[in-house]
Amino acid sequence: MADVVVHLSSVAGSPLLDSAGVRLGRVEDLIARLDQGDRLPLITGLLARIGGRELFVPAERIGRLEAAAARTATTKLNLALFERRPGEVLLRRDVLGHSMINVTTARLVTAREVELTCREGAWRVAGIDPSLRARLRRLLPRRFRAHERGAGELVEWTELEPFLAHVPTSRLRLAHRRLTRLHPAQIADLVEAASHDEGEEILEAVAQDKELEADIFEELDEEHRLEFLRERPDVEVAGVLARMESDDAADLLMGLEQDRRLPVLELLPGPKRGKIRGLLGHNPQSAGGLMNPDFIAVGERSSVEQAIELARRAEVPAERLDTVVVVGEDGRFAGTVSVGTLLEAGAHESIGALADSTRPVVSAETDLPEVALLMTDFNLLSLPVLDGEGRPIGLLAVDDLLELLLPEDWRRRSGLARD
């Protein structure tokens, strides 16, 4: 037998009847608990207006929820004034019409309808309908509204995360473990597509994972990076910058108010502070201004085994490990070796024998159009940047170049994260 399904908008605002069919008042809202783990939220009662007062009707005294009315299980009620308890939400007031996160599709969806289902004698929240059809249905007179399953686009509650920062007394927050299933770029898309308060709640949910938080800030556009850091104290801003890649951290630092830049910079760890200072000394429209100073450099006399161990211990993101820079005894550039070549070579082979010394390089002063042409001509994912004496000072990655050269409208993804 199929589950009974009722639309929230059909029940909320409908008459509240006793078991004999006598009208007692009006259903104002339905109350649910969202701290049920992965289970569908349980309906704990009704908020009803009876005799000019808002009263609580507990779930055990609800006889039936119907398309156009709610019925109690008795003709006698001893009801208390409604008082929201921690963990409870009002479905009409707090969920209907509000944005939610579909963690399956990494999109924001609007709960234009909330669907309720009766399973094993208890009413639960089955999911939401984000379709415009559901919104139009709510505008129709109650008797013309459809109530059957299949009339809309149900998104199961198990695929959703609601925003709860706006709910009074709610001690719930977005589930960190569910958000971490998404890529940092997807979470950044959600932050950009959300309102400021919703974006803050997303960032608060991931804040316990400091590395993930930094990855998300790297993916945010400049406007939203500054929006969500502007109100944070200098020590928190420095904490985020310290975990970001140096080139992104330098860009973000320069976006802060001028009187905050030096104090935040001084709070950074010494090595990170030195790298950022070095980047700030270059024209931002040059290879030196766009490069990342975090890369792996090994001596040409090193063995493959030593190079692999160095790469394993290096604090360089995995996506930056496609190229190992080889240097001579004087520290000057001697070539590059791909990680693929290292893995195929024997453990005791010399790095110098594997190095490709013909790979193109650029100086820190090379302008970006020239860099783009060079990387396109040679089909490169990264390009070493050298100082005036031929020493490697950074790697310029193709994704950083694309991010800067693509038109602004192409780089904004927020419209893709909202249905």
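If you're wondering where the values come from, they're calculated on a predicted model, not measured in any experiment.
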- Query: Can you tell if the side chain of Met244 reaches within under 4.5 Å of the side chain of Leu252, non-hydrogen atoms only?
  - Reply: yes
- Query: Hey, are the side chains of Asp367 and Gln285 touching, using non-hydrogen atoms and a 4.5 Å cut-off?
  - Reply: no
- Query: Any side-chain heavy atom of Glu349 sitting closer than 4.5 Å to one from Glu305?
  - Reply: no
- Can you check whether Leu386 reaches Val362 side chain to side chain, under 4.5 Å on heavy atoms? no
- Query: Within a radius of less than 6.0 Å around CD of Glu83, do more than 12 heavy atoms belonging to other residues, nucleotides or ligands occur?
  - Reply: no
- Tell me whether the centres of the aromatic rings in Phe228 and His196 are closer together than 6.0 Å. yes
- Task: For residues Arg391 and Val327, determine if any side-chain heavy atom of one lies less than 4.5 Å from a side-chain heavy atom of the other.
- Result: no
- Item | Minimum side-chain heavy-atom gap Leu91-Ile31 below 4.5 Å | no
- Query: Should the pair Phe56 and Phe82 be assigned to parallel (<30°), tilted (30 to 60°) or perpendicular (>60°) ring geometry?
  - Reply: tilted
- Task: With the side chain counted from C-beta on, respond yes when Val361 and Leu383 share a heavy-atom pair under 4.5 Å apart, and no when they do not.
- Result: no
- Message: Show the nearest heavy-atom pair for residues Leu190 and Ala106, with the distance to one decimal.
- Response: CD2-O, 3.5 Å
- Task: Start with the C-alpha distance between Thr358 and Asp356, add both sets of side-chain angles, then the distance that settles side-chain hydrogen bond (donor to acceptor under 3.5 Å, both in side chains), and finish with yes or no.
- Result: CA-CA 6 Å; Thr358 65; Asp356 178 8; 2.6 Å; yes
- Residue pair Ser350, Glu300: steps toward the side-chain hydrogen bond (donor to acceptor under 3.5 Å, both in side chains) verdict: CA-CA 7 Å; Ser350 168; Glu300 57 186 348; over 6 Å; no
- Message: As a quick check of understanding, evaluate side-chain hydrogen bond (donor to acceptor under 3.5 Å, both in side chains) for Thr323 and Thr336, giving each step before the final call.
- Response: CA-CA 7 Å; Thr323 300; Thr336 61; 5.9 Å; no
- Would you mind telling me which of Leu30, Leu16, Val114, Asp29 makes a side chain to side chain contact (heavy atoms under 4.5 Å, CB included) with Val11? Leu30
- Item | Qualifying side-chain hydrogen bond (donor to acceptor under 3.5 Å, both in side chains) pairs with a residue from residues 265-277, counting only residues at least two apart or across chains | Ser246-Lys272, Glu266-Arg277, Lys275-Asp294
- Do the side chains of Thr44 and Arg85 get nearer than 4.5 Å, heavy atoms only? yes
